[in-house]
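This report refers to the structure that appears directly beneath it.
When a ligand or atom number is given, it counts from 1 through the structure's own listing order.
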Amino acid sequence: MRLGLLTMHNTPIVGVLGLQGDFAAHGQVLRRRGVEVRVVRQPKQLTGLNGLVIPGGESTTLIKLMDVFEFWDPLREFVRSGAAVFGTCAGLIILASEVLNPRQRSLSVIDVAVERNGYGRQRESFEGEGVFSAEGTRIPMVFIRAPRIVRTGANVLALGECEGDTVIARQDNVLVATFHPELSSDDTQVHDYFLKMVRTCAG
Ligand code: GLN
């Protein structure tokens with residue numbers, strides 16, 4: 001797959017998978033951080049991108065739409081090409097190597113096991129604060145029927161934690177978060193970290 005060429009002086013072009021879910025809010029944050037955003041609804045729109053966000057939503061619906069629009073192989077190839085990819089919530093479920101509760105298909109490009117709706121009924125959705133260890137800061141974290149990372153592989157870096165759980169993780173060019181950084185958009189540190197990856201991975 002042909003990636004966008006990125007020099008220090010170019011504005012990166014970042015795609016947001018726009019099949020379903022929370023893609024508009026990611027687009028807004030990314031635009032505010034000065035990058036060009038492309039809403040991706042067809043595989044051919046991946047060409048020329050420097051990075052891609054797979055937003056939160058409902059992973060079972062996302063899976064059906066990825067079947068309909070034939071996104072599986074192009075997305076695997078996009079990750080293999082080395083471009084930075086960021087999955088939040090349902091996006092993480094799609095990228096993970098193992099999905100539980102129940103088991104379902106995934107791209108399997110980051111070695112983590114995730115349990116869907118891993119916080120149970122009582123605490124389905126909540127707003128907390130956690131440590132973003134990549135930057136050594138505390139940041140707000142909004143969880144909505146969030147998955148829980150229950151295993152991280154040896155090549156996976158834990159970059160953030162909330163109440164004892166790893167909530168941000170990275171393996172090479174793939175970044176995932178169990179929460180929704182696009183919804184606490186006054187604090188853009190997680191997107192800024194991803195944009196650093198966009199520049200270093202595709203640069
Ligand atoms: N519970 C959803 C799922 O299993 C994810 C929720 C979200 O993305 N906010 O797909």
field: Under 4.0 Å to a heavy atom of Asn117 - the qualifying atoms of ligand 1, by number
entry: 1 (N)
Top protein contact for atom 4 (O) of ligand 1, by heavy-atom distance: Arg116 NE, 2.6 Å
message: If you take the nearest heavy atom of each of Pro147, Gly118, Gly56, Gly57, which one is closest to atom 2 (C) of ligand 1?
response: Gly57
message: Suppose I only count heavy atoms of Ile93 and a 4.0 Å limit; which atoms of ligand 1 are within that range?
response: 3 (C), 4 (O), 10 (O)
message: Can a side-chain donor-acceptor contact be found between Gln104 and Thr60 if the only test is distance below 3.5 angstrom?
response: no
message: Classify the ring geometry of Phe86 against His191: parallel below 30°, tilted from 30° to 60°, perpendicular beyond 60°.
response: perpendicular
- prompt: Relative to ligand 1, is Leu62 under 4.0 angstrom through side chain, backbone, both or neither, heavy atoms considered?
  reply: neither
For Ser59, atoms of ligand 1 separated by under 4.0 Å from a heavy atom: 3 (C), 4 (O), 10 (O)
task: Output yes when a side-chain donor or acceptor of Gln171 lies under 3.5 Å from a complementary backbone atom of Leu157, and no otherwise.
output: no
message: When you measure from the side chain of Arg32 to the backbone of Ser185, do you find a donor-acceptor pair of N or O atoms at a distance under 3.5 Å?
response: yes
query: Looking only at atom types and distance, does a side-chain atom of Arg151 sit under 3.5 Å from a main-chain N or O of Val114, one as donor and one as acceptor?
result: no
query: Counting each atom of ligand 1 from 1 as listed, which ones have a heavy atom of His180 under 4.0 Å away?
result: 7 (C), 9 (N)
- prompt: What protein heavy atom sits nearest atom 7 (C) of ligand 1, and how far away is it?
  reply: Cys89 SG, 2.8 Å
- request: Determine the interplanar angle of the Phe143 and Tyr119 rings, folded into 0 to 90°, and report it as parallel if under 30°, tilted if 30 to 60°, perpendicular if over 60°.
  value: tilted
